[in-house]
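Shown next, in structure tokens, is the structure this report addresses.
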Amino acid sequence: MTTAPACRLTWHRGSVLPYASLWHTVQRAMWLNALRPGELSFRARAHDQGGFPRQVNLLFNETSGGSRGAIEALSMQSLAQALGEPETAFTWAHLGRVPRSVRSLITPSVRVCRACLADGYHSALHSLRLLQTCPIHGCELADRCNCGELFAGDQVVLNRMNAGYCRCGRMAFFTSQTCRCPTMRHDETAPMSMVAAWLERLAGVIRPSPGDRLAQWAHDRILLDSAGAWCDELNLGNPGSAIAPDLQLLRANISVARLSTVERTNAVRPETHSRDWAASTRSKRSLYWSADDATTIYRSMARHIRRHVARGAEGHAIDFMLNPDPLQMGAVIRTQRPAMVAFADLLFTECMETYAGLRRWPYRDPHAGATSRVRDGLAHLSVDGGHDWPPTLREARLAWVRRQAAAAAITHAWRRAQMLAVHAAATGFADWGAATERYMPVGAFSSTHIDRPKPSGTAFWFDAPPPYQVTWAAVVSGEHLRFVSAPAMPRIDWTLPRSSKAQRQATWSEAERRRVSELHGACDGPCLTWSARAGWEVLPSASPSAGPSKRHRLLGVPGAPRVWVFAWGGGFAARVCEIRVQAFGATAREAIDALRSAVRQHSRQCPPVDTAPPLPASEPETLPPEVHAEYELRVSRELHEHGFWRRPWMFGNIAREHLASVKGRSGGQSR
């Protein structure tokens, strides 16, 4: 049958009950008119001259693309005209309005109420996972045929349906009588209106929509495990039928904003103001940072941590990167609180920002020159939902949701870094390999849940799936835009107490006095002096003037030793803090370059000095010195070949093997 979409089919007017499923109605139409799927004439785009889109999924009835061609949807207007029914009769006949990000709440195939089928009625709303019983009859919804086989997802695809029967032929979806006109009355479907009203609210939910299937599966699992709690936090209510019990309690963070405030804050400025603002900031904008909300929030968070949480702990982070011994790092973290804070700051910053090591530790790379155009490590946020919002307001609301999602993700990453630092302090073993997680889903859903993808993958915090990253949802609730994120990790307040200006001045003066005292104590007696003209000499140590003094890192030298740089004799002097080596120059740069050459020559002639703090005395050493030297050599070789971040798990393996050898030798000696 290839007539125009306006052609009338054999049909009993008024026989489409409220919320009747498109899947059931199309089967009735095919049965009454003895049609095959390819002979139906209503399709989504009437101007197409090709064949009927037989691959259409009648549960969602939506257009989608694929490698084998686009899958079109049925035109509800053409279907209504062909059956002589009003188009309003097909309200919620399918679930295509539900955003893809929340379709984990819907089964991939149909579920049926046998009492409703006996009356010639079926609703797509029965596929909602939260419904355990039929709202009309109260009987349990079935997802299996009479033969015991589960209803598969392809049974709602048009060209794979056997109209009127299950594929096995043992279960009929209607009889010859109920096919013509259902025996159920219109008023008997009233309980379904509560479910439809709940789906209207669900259609306005916005959730993350990652491109990776495994990440989407992880987000959906958290939603499914505590669906009732999510509905309560989002003020969605419940569908009005028995809800599946939550598998775990939801711990969530909630943000609420008035719609008027959101829309006013995100209102587009006049073109003249936007042009003036862009012209004034174009020259000030850094090429290093992206100009998005996530980067701005991260920079604010990092600045707060640097100034008010990890203040004065930069030295510990640098020492950790120069000597990445997990046992030694754990011992320092256990005994010194600033080291624990620095370890958390190191994990958070390095994992959120791709080039943090060059920007913050040790502040600049002498071989790289000017900073090239790079992108920070924050992943782009993809969202899904809010399609029913007015177009004029949708962008403003989505911008607010993206900011909230970025803030939730960054806060979660910082709290997780804190938990890892606390764990390192408790165990005495620093493991920064958790910054790069090899995530693997744990457990499996039952047959009524979504299919689990292949359990493998590796990602940083900012684009790893839950629980390494938060999942969230947002919805318009009355006059407010409500945002809920989970899981919420416990807050650890490491904020340093605020000090008065007098206290800050006293602290600075004491630190300056201590630096001057250490400098004058070091610059005493004879010292090895090197210059390009005279070579190596032994001269008296240069005495610093009364000007400001500060230690620096000598970059470009293995170990990056600390050095003093101060004015002396009309020029500048540079001296290593740990060893008696100094050099001079007309400028500070010349003095530092000369000292760098001197240290390189000195390191070739003399073994390096181990300045790392020793392990606590409470942990006795049972191995001979040569075994510890071998362990330190393996750590140094790994650092030299792969760096601090490329293979962080390898440092942990080396330390565990060392501990195992210590325990084995101790056991052998005791026997």
Side-chain angles (χ1 to χ4, degrees), residues 1-61 71-96 110 112-126 136 155-189 192:
M1 185 175 181
T2 57
T3 55
C7 179
R8 294 288 301 275
L9 298 176
T10 299
W11 189 256
H12 294 264
R13 289 189 180 182
S15 63
V16 178
L17 299 180
Y19 313 114
S21 67
L22 177 64
W23 171 76
H24 195 259
T25 302
V26 169
Q27 289 191 84
R28 290 174 55 201
M30 292 169 57
W31 180 278
L32 285 174
N33 295 270
L35 297 177
R36 291 175 296 183
E39 296 174 332
L40 295 177
S41 57
F42 28 89
R43 51 182 184 268
R45 290 180 285 183
H47 63 272
D48 286 347
Q49 299 299 323
F52 179 78
R54 296 184 298 272
Q55 296 291 335
V56 62
N57 186 313
L58 296 181
L59 184 61
F60 297 103
N61 192 45
I71 301 175
E72 299 181 15
L74 297 185
S75 171
M76 303 309 295
Q77 181 180 6
S78 300
L79 175 62
Q81 293 176 0
L83 300 182
E85 299 279 1
E87 192 172 350
T88 55
F90 297 95
T91 303
W92 284 112
H94 58 82
L95 302 176
V110 295
V112 299
C113 169
R114 299 184 185 274
C116 288
L117 285 183
D119 293 337
Y121 178 75
H122 177 266
S123 176
L125 308 186
H126 288 154
I136 301 175
Q155 288 183 281
V156 295
V157 178
L158 188 58
N159 71 326
R160 299 184 181 180
M161 292 191 317
N162 184 13
Y165 290 90
C166 181
R167 290 184 300 186
C168 64
R170 298 184 182 180
M171 183 175 182
F173 299 134
F174 45 78
T175 64
S176 58
Q177 177 62 29
T178 57
C179 176
R180 292 175 173 83
C181 188
T183 57
M184 183 181 293
R185 301 190 308 271
H186 283 65
D187 58 340
E188 292 179 344
T189 63
M192 301 299 298

query: Is any side-chain heavy atom of N57 closer than 4.5 Å to a side-chain heavy atom of H94?
result: no
- request: Give the minimum heavy-atom separation between L74 and L58, together with the two atoms involved.
  value: CD1-CD2, 3.6 Å
query: Between C113 and I136, does a side-chain contact (heavy atoms from CB on, under 4.5 Å) hold up when you go through it step by step?
result: CA-CA 9 Å; C113 169; I136 301 175; over 6 Å; no
field: Heavy-atom closest contact (T183 atom, A118 atom, distance)
entry: OG1-O, 4.3 Å
task: Output the distance between atom OH (Y121) and atom OG (S21), rounded to the nearest 0.5 Å.
output: 8.0 Å
task: Mind jotting down which residue pairs meet the salt bridge (Lys or Arg N to Asp or Glu O under 4.0 Å) criterion with at least one end in residues 12-23? Sequence neighbours excluded, please.
output: none
task: Output the distance between atom CZ (F90) and atom CG (N61), rounded to the nearest 0.5 Å.
output: 11.0 Å
query: Where do A93 and A124 come nearest, in terms of heavy atoms and distance?
result: O-CB, 3.7 Å
- request: Would you check if P182 and R28 make a side-chain contact, meaning some heavy-atom pair closer than 4.5 Å?
  value: yes
field: Evaluation steps, side-chain contact (heavy atoms from CB on, under 4.5 Å), between M171 and R114
entry: CA-CA 10 Å; M171 183 175 182; R114 299 184 185 274; 3.3 Å; yes
query: How many angstroms lie between SG in C166 and CD in Q155, if you round to the nearest 0.5 Å?
result: 4.5 Å
message: Among residues at least two apart in sequence or on other chains, which ones pass ring pair (Phe, Tyr, Trp, His ring centres under 6.0 Å) with F173?
response: W23
message: Walk me through whether L32 and L9 qualify under side-chain contact (heavy atoms from CB on, under 4.5 Å).
response: CA-CA 9 Å; L32 285 174; L9 298 176; over 6 Å; no
- prompt: Under the side chain to side chain contact (heavy atoms under 4.5 Å, CB included) test, which residues partner T91, sequence neighbours left out?
  reply: none
message: If the condition is side-chain hydrogen bond (donor to acceptor under 3.5 Å, both in side chains), which residues does R180 pass it with, not counting sequence neighbours?
response: none
statement: Those residues at least two apart in sequence (or on a different chain) that pass side-chain hydrogen bond (donor to acceptor under 3.5 Å, both in side chains) with H126 are none
- prompt: With sequence neighbours left out, what residues match A172 under side chain to side chain contact (heavy atoms under 4.5 Å, CB included)?
  reply: Y165
Atom pair OG1 (T178) and CG (D119), whose distance is rounded to the nearest 0.5 Å: 8.5 Å
task: To the nearest 0.5 Å, tell me how far H12 NE2 sits from C179 SG.
output: 8.0 Å
Those residues that, when tested against E85, pass side-chain hydrogen bond (donor to acceptor under 3.5 Å, both in side chains) (two or more places apart): W11
Over all atoms of both residues, closest heavy-atom pair of Q27 and G164: OE1-N, 2.9 Å
message: Applying side-chain contact (heavy atoms from CB on, under 4.5 Å) to H122 and F174, what does each step give before you reach the verdict?
response: CA-CA 10 Å; H122 177 266; F174 45 78; over 6 Å; no
query: Considering residues at least two apart in sequence or located in another chain, which fulfil the salt bridge (charged side-chain N to carboxylate O under 4.0 Å, His left out) criterion with E188?
result: R185
By salt bridge (charged side-chain N to carboxylate O under 4.0 Å, His left out) - contacts of R36 (at least two apart): E39
message: So T189 and M184, do their side chains get closer than 4.5 Å, heavy atoms only?
response: yes
statement: Heavy-atom closest pair (A89 atom, V16 atom, distance to 0.1 Å) is O-CG1, 3.8 Å
message: Could you work out, with side-chain hydrogen bond (donor to acceptor under 3.5 Å, both in side chains) as the rule, every residue matching T10, not counting sequence neighbours?
response: N33
